[in-house]
Amino acid sequence: MQSPCFNCICCQNSHGDQNPSSKISIIITCHREFIDAIASSIHPNSQFTNHECLPSYEELFANLQEAYPHYSQTNLADEIRANEYHHLTLSKHVCLDYTGNGLFSYYQQQKIIKSHPIHDSIASSSSSAPPPPTHDEPFFNISYKSVSLTTQLLYGGQESDIERKMRKRIMKYMNVSKHDYSMVFTANQSSAFNLLADSYPFESNPNLLTVYDHENEAVEGMIDNSRRKGAKVAAAEFSWPNLRINSRKLRKTLSVNKKQGLFVFPLQSKVTGTRYSYQWMNIAQENGWHVVFDASALGPKDMETLGLSIFQPDFLICSFYKVFGENPSGFCCLFVKNPTISQLNKSITSLGIIRLVPVDTKSFEHDSSSSSSSSSTSSVYNQENSVSEFQEIEQVSDHDQQPKKITTLFEILKWGNKSNEKTLSTKTTSLECRGLDHADKFGLILTSSRARYLINWLINALTRLQHPHTEDIHIPLVKIYGSNIHFNRGPAVAFNVFDWKGQKIDPTLVQKLADRHNISLSCAFLKHIWFSKMYDDEKNAILESCDDDNYKNKKKKKKGKLSFGVSVISVSIGMMTNFEDLYKLWSFIARFLDADFVEKEKWRYKALNQTTIEV
């Protein structure tokens, strides 16, 4: 008997000649078999009440492979991790707090450092290892451009070779055509949202509607900026307990207003992993809204499922970081549909748009040895920055005299670093983004299948942990927020840990304890939760203020009202996450079954002002 593949895309393609009802039946069967396989991946109907009695990693991994026969097809990810991200194995670091897309690999980073002349000079003069690179090395630096979004979109500016090639590579990876969209680099996600709020014509389209089940700093900045421009802000609500969109209310909000505005929509929650229907973009556009599609929470290659030719959002935002598990710095990309550019206001010049600057020998030596040359390096960047703004500055100049010729960065480098001219040329003529290449090689089906196997196994494992009780009443150690085991959930999960009395343990404490065990987690705040009357009692027990002691937030009050929600721990699975990472997390969470472990660690953190110590 052939084992099920647990992949809807595969099932649909293999039964392409059947009628729609037959396809639906096949998909439902596939989903049921998937849930059954999840249950069998850990001892069926078993609960674990002691962290010292957990099954071994080897046993559970064997069970996983037996439950998911096609899991072995994703071994390519393990090979890539072993060859390109070996620092994760050496450091034993579990990274479950990355969202976005990785540009480069750790092996690539180390190879560039070792091949650089400054590395050779350090190695020959010292027996010790060279200092580690900073977050801005060795791939590229960024410099800010003092230019408005509309001006940048319409007129562009002088681009470095690395910037031009990075733009081309990202648009190919995102499956976006330059004939349909124009792209700008921004410093981060907050900058992208704020630039959009600065330029959007809220005077004629006065509404802003967001769809986020959690506190998002970038979106909150956009909301504040839009309110100052007179926008009316609304947010979608999410029904308790599955935290799915309250469809009736959202549909009404999209259709009730005569004058529309911006509809900011992510395809899935980066905190709970809940996925939303593509059709919300279609409904919004049919009702006259401009759609901002936030793709930052999507996994690698998920853009291939979007079908931009069908939905064509007006704006698209996506984040990129440099190296998974090593260097979270990077940039964000804001895509604007070409016909939409003319509808934007010519806003005032605002910071946020950046350029990518190639790394030269001088700056590399500065970051590797001392900080004495920071002012000169900054001067070089400022002069290069002046070139792209030359036209805009010239238009508003009150002087009649001819402006002086501005020397470009490359002319300065050629004049000051003639001996390194060949090295710089090599750096800027080729651009290899191995992180993106690996995602392309792995492909959509294997990437999504692997994430589906791992995230659902983790949820199943966490819900098997229960506190022991003398009366055979077991209190769950972990509560999952949003969808539990589900075929179509995203690669993220939100949860909390509870003690044997049923009291929630502070998520920030869990995060700090995890960090001591070399596990990186995120904390988040769920909000916009809608409770039906049948959950009134649960509502009063669950909701907390965002400025409670267990979740600090700078924005405490808005219009005299507190924001209520639930503080949670969030885990995000990436392409390089493996089963061992999740087993380590599960083993760590299981230690909270021991009440002494919690009290002991609490005391240590309080005694030392919540700073990490060696035990």
Side-chain angles (χ1 to χ4, degrees), residues 8 12 20 23-24 27 149 153 174-177 179-183 192-193 195-197 199-213 216 219 222-223 226-227 229-239 242-269 274-298 302-318 334-345 488 490 528 530:
C8 276
Q12 292 179 50
K23 289 183 179 181
I24 293 174
I27 293 173
L149 175 61
L153 290 170
M174 295 289 292
N175 196 26
V176 176
S177 170
H179 302 294
D180 298 324
Y181 289 86
S182 297
M183 188 192 90
F193 278 116
L195 285 166
L196 193 52
S199 305
Y200 189 76
F202 284 111
E203 61 276 6
S204 57
N205 302 289
N207 293 291
L208 175 64
L209 177 58
T210 62
V211 187
Y212 290 84
D213 62 1
N216 186 308
V219 176
M222 181 187 195
I223 289 173
S226 302
R227 279 199 175 113
K229 296 184 63 178
K232 300 176 182 178
V233 179
E237 294 184 343
F238 302 86
S239 301
N242 58 26
L243 296 184
R244 294 177 183 172
I245 292 175
N246 188 317
S247 300
R248 180 181 59 83
K249 288 192 173 184
L250 181 56
R251 190 180 293 271
K252 181 179 179 181
T253 305
L254 286 170
S255 59
V256 70
N257 296 313
K258 294 182 179 179
K259 292 184 177 181
Q260 313 303 352
L262 276 181
F263 176 63
V264 187
F265 176 78
L267 192 59
Q268 66 186 33
S269 169
T274 304
R275 283 188 169 159
Y276 315 126
S277 172
Y278 296 118
Q279 293 302 323
W280 286 115
M281 288 193 288
N282 187 41
I283 294 172
Q285 288 176 329
E286 287 179 349
N287 283 279
W289 293 78
H290 288 107
V291 174
V292 183
F293 179 70
D294 182 3
S296 299
L298 295 182
D302 278 353
M303 280 296 295
E304 292 186 359
T305 67
L306 178 59
L308 285 175
S309 59
I310 300 175
F311 296 102
Q312 288 279 312
D314 300 277
F315 308 95
L316 177 65
I317 293 175
C318 191
L334 171 60
F335 298 84
V336 182
K337 191 161 65 172
N338 291 330
T340 307
I341 297 176
S342 60
Q343 301 179 41
L344 299 178
N345 292 332
N488 284 324
H528 306 308
W530 180 82

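All figures in this text were calculated on a predicted structure; none of them were measured in a lab.
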Using a 4.5 Å cut-off on heavy atoms from C-beta on, say whether the side chain of Leu149 contacts that of Leu334.
yes
For Met281 and Pro313, work out which heavy atoms get closest and say how close.
SD-CB, 4.4 Å
CG of Leu208 to CH2 of Trp289, rounded to nearest 0.5 Å, is 8.0 Å
Check whether any side-chain N or O of Asp294 sits under 3.5 Å from a backbone N or O of Val264 as a donor-acceptor pair, and report yes or no.
no
Any heavy-atom pair between the side chains of Phe293 and Cys318 that's under 4.5 Å?
no
Is there side-chain contact between Met222 and Leu262, with heavy atoms separated by less than 4.5 Å?
yes
side-chain contact (heavy atoms from CB on, under 4.5 Å) for Phe265 and Leu267? Distances and angles first, verdict last.
CA-CA 7 Å; Phe265 176 78; Leu267 192 59; 4.2 Å; yes
Using the side chain to side chain contact (heavy atoms under 4.5 Å, CB included) rule, pick out the option among Asn287, Asn246, Leu209 that qualifies with Thr253.
Leu209
Side chains of Gln285 and Asp314: does their closest heavy-atom pair fall under 4.5 Å?
yes
Which distance, rounded to the nearest 0.5 Å, do you find between the CZ of Arg251 and the CD1 of Ile245?
11.0 Å
Within this structure, what is the CZ-OH distance for the pair Arg244 and Tyr276, rounded to the nearest 0.5 Å?
11.0 Å
Just by distance, no angles: are the side chains of Glu203 and Asn345 close enough, under 3.5 Å, to form a donor-acceptor pair?
yes
Applying side-chain contact (heavy atoms from CB on, under 4.5 Å), run through Ile283 and Phe263 and close with a yes or a no.
CA-CA 11 Å; Ile283 294 172; Phe263 176 63; over 6 Å; no
Candidates Val291, Thr340, Asn282, Asp180 - the one meeting side chain to side chain contact (heavy atoms under 4.5 Å, CB included) with Gln312:
Asp180
Indicate the atoms forming the closest heavy-atom contact of Pro206 with Lys259, along with that distance.
CD-CB, 3.6 Å
So which atom in Gln260 and which in Leu254 form the shortest heavy-atom distance, rounded to 0.1 Å?
OE1-O, 3.9 Å
Kindly indicate whether the side chain of Leu316, heavy atoms from C-beta on, has any atom under 4.5 Å from the side chain of Met174.
yes
How about Gln343 and Tyr200: do any of their side-chain heavy atoms sit closer than 4.5 Å?
no
Neighbour count above 12 (heavy atom, 6.0 Å) for Lys232 NZ
no
Side chains of Phe238 and Val211: does their closest heavy-atom pair fall under 4.5 Å?
yes
With no hydrogens and no angle check, is any side-chain donor or acceptor of Ser277 less than 3.5 Å from a backbone partner on Gln279?
yes
So Leu344 and Leu153, do their side chains get closer than 4.5 Å, heavy atoms only?
yes
Please report the shortest heavy-atom distance between Gln268 and Gly490, naming the atom on each side.
OE1-CA, 3.9 Å
Would you compute the distance between atom CG of Asp213 and atom OG of Ser239 and round it to the nearest 0.5 angstrom?
11.5 Å
